[in-house]
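No hydrogens, no waters, no symmetry mates; every other heavy atom, side chains included, goes into these values. First the proteins, then the strands, lettered A, B, ... as listed; each starts at 1.
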2 protein chains.
Amino acid sequence: MNTKAALLNHAETLARTKGFDAFSYADLSREIGIRKASIHYHFPSKADLAAELIARYSQRFFDQLDDLQTESASAAEQLLGYLSIYRNAQADCGQLCLCVAFGAGRDSFGPDVLVRLDRFHRQSIDWLTALFTRAKNDGTISGENTPDIDAKACLALVEGAQLIARASKDPSLFDAAVQSLTNRIPAKETPCD
Amino acid sequence: MNTKAALLNHAETLARTKGFDAFSYADLSREIGIRKASIHYHFPSKADLAAELIARYSQRFFDQLDDLQTESASAAEQLLGYLSIYRNAQADCGQLCLCVAFGAGRDSFGPDVLVRLDRFHRQSIDWLTALFTRAKNDGTISGENTPDIDAKACLALVEGAQLIARASKDPSLFDAAVQSLTNRIPAKETPCD
DNA sequence: TTCGATCACCCTACTAGTAGGTAGGTATGA
DNA sequence: TCATACCTACCTACTAGTAGGGTGATCGAA
């Protein structure tokens, strides 16, 4: 396997489980089986690594959202798909959304990372706003809030749920918290015949 | 002022704005005007500091919740009080709830801190569950969820809202997110005559 | 009331270990 | 012959933490 890709994979896992500042090039070098100095060949500074990590993560994340959207899915189905992205990450060794992990240690990052972090949140809210707007039309998610409020609340909910579930080492806490959202999806008319 | 108290205050601010691992005894010593070694007199190890910080924070936090409860306040009023605790912290230089900050860097803490962290979340959920149970009776908060679900969702929402508002340096994001909750408080019957 | 001991509190000076990062060399394959 | 990808060996800056000494307040006893 490509060494650089392996480095990114390991670094992402470490950043999402321990935090970006909580692992060192030395840690990384031990796990990959490459000398510490060689990592600097691929990522001259740790800031470079952070920038590539968040770029790659955002790309992958919004590609997944695109996949949810292109199918002729209902708003409710899209929402469930969105939630499952966070849920899967959470269930997988308590990994946080990379942008939650980065957001917590905000101050140690340069402007390039901060810009991407901000963009991630804005893009998420935009996507969710479109989702809840659609829900107003197709009626697959109940509720009285404006799509904008719903979107921001939804983002806060999944990120917060991930955080408290991880802190308590109890993945079911995530499910319970987001149930406040899934409860708003009316049971389907039983698909008879 | 008491040096130890000053140390705790500064350490708490730093932990809540930058993260617990992101400040050193050297940073602390500069701000307090005391030598680094002298801090070890008050807190032999940084783990001791962490333990005292979270103990003090939890105490203060639940004292505030007690104050909300002893008054003959409606569930809605209690909820607004609860939200304002998080909101004020957020508005104040983007401080996180200490337990959010600690939760993010979970792995670097010893079992004593982790136990207190877990207890904080459980206690919060218990308090909120009681609140939403009360709401079922006094009708000051609408909604169909069970109090348990509402409680867990509420905790996730405020912690997540704090996080994204801070990451985007936009306090209004917090308000927008929690509006999904406050919208559930029906406008009071206009108090005529 | 003063002497001496004790204590809280802070200091200088140091340790071992780790962080990110660099200089310069080497093997390999196009 | 040149770039890629790795290496050894090193650097400086900083981390938490320790050893041991100084100072001033407090307090009990002569």
Pairs: protein N or O with nucleotides 4-6 of chain D N or O, under 3.5 Å:
from   : atom 1 : to       : atom 2 : distance (Å)
dA5(D) : OP2    : Tyr41(A) : OH     : 3.1
dC6(D) : OP1    : Thr3(A)  : OG1    : 2.9
dC6(D) : OP2    : His42(A) : NE2    : 2.6

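- In the hydrophobic clustering of ILVMFWY residues, with side-chain heavy atoms under 4.5 Å counting as a link, Leu96(A) and Leu173(A) come out apart.
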Checklist entry - Could you walk me through whether Asp48(A) and Ser45(A) pass the side chain to side chain donor-acceptor pair (under 3.5 Å) check? => result CA-CA 5 Å; Asp48(A) 295 319; Ser45(A) 78; 3.1 Å; yes
Item to check | Check against side chain to side chain donor-acceptor pair (under 3.5 Å), Asp21(A) and Ser108(A) | outcome: CA-CA 8 Å; Asp21(A) 289 331; Ser108(A) 52; 2.8 Å; yes
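- Atom CD1 of Ile32(B) is separated from atom C1' of dC11(C) by 17 Å (rounded to the nearest Å).
- A ring-ring contact (aromatic ring centres under 6.0 Å, His included) with Trp127(A) holds for exactly one of Phe62(A), Phe132(A), Tyr82(A); it is Tyr82(A).
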Next on the checklist: side chain to side chain donor-acceptor pair (under 3.5 Å), that's the test. Do Arg56(A) and Asn9(A) meet it? Break it down for me.
Outcome noted: CA-CA 10 Å; Arg56(A) 194 181 76 140; Asn9(A) 289 339; 2.9 Å; yes
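- Within the 6.0 Å centre-distance limit, the rings of Phe109(A) and Phe20(A) are counted as a close aromatic pair.
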Please list each protein N or O that sits under 3.5 Å from an N or O in nucleotides 11-18 of chain D, with the distance.
from    : atom 1 : to       : atom 2 : distance (Å)
dT15(D) : OP1    : Ser24(B) : OG     : 2.9
dA16(D) : OP1    : Lys46(B) : NZ     : 3.3
dA16(D) : OP2    : Tyr25(B) : N      : 3.0
dA16(D) : N7     : Lys36(B) : NZ     : 3.3
dG17(D) : OP2    : Lys46(B) : N      : 2.7
dG17(D) : N7     : Lys36(B) : NZ     : 3.1
dG17(D) : N7     : His40(B) : NE2    : 3.3
dG17(D) : O6     : Lys36(B) : NZ     : 2.7

Next on the checklist: Tyr86(A) vs Phe174(A), test: ring pair (Phe, Tyr, Trp, His ring centres under 6.0 Å). Steps then yes/no.
Outcome noted: CA-CA 9 Å; Tyr86(A) 277 85; Phe174(A) 179 89; 7.3 Å; no
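- Ring geometry for Phe61(A) versus Phe120(A): interplanar angle of 30 to 60°, hence tilted.
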